[in-house]
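Beneath this line is the structure, given in structure tokens, with notes to follow.
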Amino acid sequence: MKTDTKISAKKSWAQALARPAAEFPLTQLFIKSGKIPAGLRGTLYRNGPARLERGGVAAGHWFDGDGAILAVHFTDAGAAAVYRYVQTAGYQAEEKADKFLYSNYGMTAPVPAWLRWTKSVKNAANTSVLALPDRLLALWEGGLPHSLDLQTLETQGTDDLGSLESGSSYSAHCKRDPITGNIFNFGITQGASTKLNLYKSDSTGKIFQKATVALDGIPMIHDFVFAGKYLIFFVPPMRLKPLPVLAGISSYSESFEWKPELGTQILVVDSETLSLVSRGETDSWFQWHFANGFVKEDGSVAVDFVRFADFQTNQRLKEVAAGETRTDAEGTLWRVHLNPQTGKVTAAEELLDQPCEFPIVPASEIGQDSRYIYLAMYRPDVDIVRERYGAIARLDTQTRNLTIADCGENRYPAEPIYVPDISSEKGWIVTVIYDGNSDSSEVWIFDSDGLSREPVCKLELPGVIPLGFHGTWKSAV
């Protein structure tokens, strides 16, 4: 009997995406090591693409996968988890047909070319989550959020937050003001005159203030910064060619043109009035995610974000869906200082010269000068072109000291989430780990002041949670 000695070029992270993830019901979690901190009470929610194939056909891009939500509830009785797909109309229709039916960010509709323009884009509900007092919102870039039950994750349908129109988009990266509880977000209306729609909600999610800012062409804006008095948008120098998309000839992902000659535009918005304060321009770069922003004592604004040289990162993320990455496109952590009255950059500095992503600060410090930034990084001495992030870290922005939690070979952490202790000043970092050695997933809890030490607790999950995007924490009190 001949044995196949060919070794796959794929790294073990690819196993987590190679098959559709399986839902599991509310299940009490087994503690693998350590113990759950007494002050860790609340729920971790995570979102990400969980199905990248249908009927033997692969999705076109990592961003196209159907969203599934993980909830891990921490109570006095221990930890219990539930994992469910968001039951979007598109997901339900494709489940029934057992094939792709819609266009998406990286796909054209799988129908004859002359019919593609008639097909809508599927709301994948796969990017992030927003925990409100009475419901959880599954967020996506290009459409309405979906409302879910906070405990069971049962999908309740799309949510207009009181005033969004059916065709509106409500971005995945909303920001909550920790002082007022108000929630800021945006959406883009594409067209001959593209508009940036600004939304301000109260703590229940109900929108009570709106505004619009005109944009040049159709850019991609994935995230923004709440910096106290201001909302800051960096508009990368890329523009969508709309006709190929409208005609169904090419996908959104394929139809963005990188135009470095345009420079990066900076929009500064007054967070109280939602009116445009200034519009500036600076060097060309691309960014997916911001860590934070704040007003300094001299009135200038500092913005921390992961900066990429160009849009090659999009190709790299497309390759993730296929389980094999070949494109070298990494970002590093930067701080930009700008004059909010003019939108002009006064200084720019690289805070961390190592590839990283998914930067976060504690939710209570959003919009304020936050000393620590938590992020995902690579393990030392790995092939970063073919690998995914295998470590999480804390950067001290005052001393530039970097504390790293190396998760071990073939282990891949999700974006780190900072969790405040309900009974002390302590904080915890909670992440979901995919372990390629055992093809399983776990929840790891670290002391936020001791990332280089072993996790204080490891919990086994009942099934594999694929590499995903963003999450949040909802405290029990």
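Computed from a predicted model, the values in this text were never measured in an experiment.
- A salt bridge links Lys122 with Glu94: at least one charged nitrogen is closer than 4.0 Å to a carboxylate oxygen.
- By the 4.5 Å heavy-atom criterion applied to side chains, Leu161 and Leu137 are counted as neighbours.
- Taking the side chain as every heavy atom from C-beta outward, Ile221 and Val235 approach each other to under 4.5 Å.
- Using the six-membered ring where Trp is involved, His73 and Tyr45 have ring planes that are perpendicular, over 60° apart on the 30 and 60° scheme.
- With values rounded to the nearest 0.5 angstrom, Ile366 atom CD1 is found 9.0 Å from Asp177 atom CG.
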Kindly determine whether Ser163 and Tyr199 satisfy side chain to side chain contact (heavy atoms under 4.5 Å, CB included), including the steps that lead there.
CA-CA 10 Å; Ser163 64; Tyr199 307 118; over 6 Å; no

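- Thr155 approaches Tyr85 most closely through the heavy-atom pair OG1-O, 4.0 Å.
- Side-chain contact check for Val432 versus Leu44: some heavy-atom pair is nearer than 4.5 Å.
- Here the straight-line distance linking atom CD of Glu95 with atom CG of Asp66 works out to 7.5 Å at 0.5 Å rounding.
- Cation-pi contact between Arg54 and Tyr91: present, with separation from the ring centre below 6.0 Å and deviation from the ring axis of at most 45°.
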Could you pull out every donor-acceptor pair under 3.5 Å between side chains of residues 462-471 and any protein atom, sequence neighbours left out?
unit_1	atom_1	unit_2	atom_2	d
His470	ND1	Glu415	OE2	3.0
His470	NE2	His173	NE2	3.3
His470	NE2	His289	NE2	3.1

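- Contact annotation: the side chain of Tyr389 never approaches that of Cys356 to less than 4.5 Å [non-hydrogen atoms, C-beta and beyond].
- Salt bridge status for Glu442 with Arg411: absent, with no side-chain N to carboxylate O gap under 4.0 Å.
- Counting heavy atoms from C-beta outward, Trp258 and Asn314 have side chains that stay 4.5 Å or more apart.
- Side-chain N or O atoms of Asp223 include one that pairs as donor or acceptor with a backbone N or O of Phe290 at under 3.5 Å.
- Of all heavy-atom pairs between Leu333 and Leu395, the closest is CD2-CD2, 3.6 Å.
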From CA spacing to verdict: side chain to side chain contact (heavy atoms under 4.5 Å, CB included), Trp140, Thr88:
CA-CA 11 Å; Trp140 181 64; Thr88 67; over 6 Å; no

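- Using a 3.5 Å distance cut-off with no hydrogens or angles, the side chains of Glu165 and Ser168 do not pair a donor with an acceptor.
- A cation-pi arrangement is present between Lys175 and Phe224 under the rule of less than 6.0 angstrom and at most 45 degrees off the ring axis.
- No side-chain heavy atom of Ile429 sits under 4.5 Å from any side-chain heavy atom of Val419.
- Nearest heavy-atom pair, Pro236 versus Gln287, reported as atom, atom and distance to 0.1 Å: CG-NE2, 4.0 Å.
- Between Phe74 and Trp428, the ring centre distance reaches or exceeds 6.0 Å.
- No side-chain donor-acceptor contact under 3.5 Å links Gln315 and Thr327.
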Chi angles and distances behind the side chain to side chain contact (heavy atoms under 4.5 Å, CB included) call for Met220, Trp288:
CA-CA 9 Å; Met220 177 190 279; Trp288 293 110; 3.6 Å; yes

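- For Trp13 (side chain) and Arg386 (main-chain N/O), a donor-acceptor pair under 3.5 Å exists by modelled atom type.
- At least one donor-acceptor pair closer than 3.5 Å links the side chain of Glu319 to the backbone N or O of Arg326.
- Across all their heavy atoms, Ser12 and Gly436 have their closest contact at OG-CA, 3.9 Å.
- Judged by distance alone, the side chain of Gln28 and the main-chain N or O of Ala77 form a donor-acceptor pair under 3.5 Å.
- The side-chain hydrogen bond (donor to acceptor under 3.5 Å, both in side chains) with Tyr412 is formed by just one residue from the set Lys11, Arg388, Glu387, Arg379; it is Glu387.
- Distance alone, capped at 3.5 Å, places no donor-acceptor pair between the Arg394 side chain and the Tyr372 backbone.
- Atom CD1 of Ile183 sits about 12.0 Å away from atom NZ of Lys200, to the nearest 0.5 Å.
- In this structure, the separation between SG on Cys174 and CZ on Phe186 is 10.0 Å, given to the nearest 0.5 Å.
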Before you tell me yes or no, could you show the steps for Tyr418 and Glu365 under side-chain hydrogen bond (donor to acceptor under 3.5 Å, both in side chains), namely the whole-Å CA-CA distance, both residues' side-chain angles and the distance that decides it to 0.1 Å?
CA-CA 11 Å; Tyr418 181 92; Glu365 298 173 14; over 6 Å; no

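- Within the 3.5 Å criterion, the main-chain N or O of Ser171 finds a donor-acceptor partner in the side chain of Asn185.
- Residues Asn47 and Ala125 come closest through the heavy atom pair ND2-O, 3.1 Å.
- Classification of Arg41 and Asp76 as a salt-bridged pair holds, one side-chain N sitting under 4.0 Å from a carboxylate O.
- Under the 30°/60° scheme for interplanar angles, the aromatic rings of Phe226 and Phe184 are found to lie parallel.
- By the 4.5 Å heavy-atom criterion applied to side chains, Gln368 and Val361 are not counted as neighbours.
- For Ala393, the side chain to side chain contact (heavy atoms under 4.5 Å, CB included) criterion is met by Leu375, Met377, Leu402, Ile404, not counting sequence neighbours.
- With respect to Leu40, the side-chain contact (heavy atoms from CB on, under 4.5 Å) criterion is satisfied by exactly one of Val456, Ile422, Ile445: Ile445.
- Across all their heavy atoms, Pro145 and Leu164 have their closest contact at CD-CD1, 4.4 Å.
- Remark: the backbone N or O of Val385 is paired with a side-chain donor or acceptor of Thr325 at under 3.5 angstrom.
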Applying side chain to side chain contact (heavy atoms under 4.5 Å, CB included), run through Gln190 and Tyr252 and close with a yes or a no.
CA-CA 12 Å; Gln190 299 177 2; Tyr252 284 89; 3.8 Å; yes

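- When the side chain to side chain contact (heavy atoms under 4.5 Å, CB included) test is applied to Asp64, the partners found at least two apart in sequence or on another chain are Ala59, His61, Asn104, Tyr105, Met107.
- Asp396 CG to Arg371 CZ: the interatomic distance, rounded to the nearest 0.5 Å, is 4.0 Å.
- Between the side chain of Arg307 and the backbone N or O of Ala309, no donor-acceptor pair lies under 3.5 Å.
- Between Arg19 and Asp439, at least one side-chain N (NZ, or NE/NH1/NH2) sits under 4.0 Å from a carboxylate O, which counts as a salt bridge.
- When each of Phe286, Phe234, Phe358 is checked for a ring-ring contact (aromatic ring centres under 6.0 Å, His included) with Phe305, only Phe234 meets the rule.
- Side-chain contact between Ile31 and Cys457 is present, with heavy atoms from C-beta onward closer than 4.5 Å.
- In this structure, CZ in Phe24 is found 5.0 Å from CG in Leu461, a value given to the nearest 0.5 Å.
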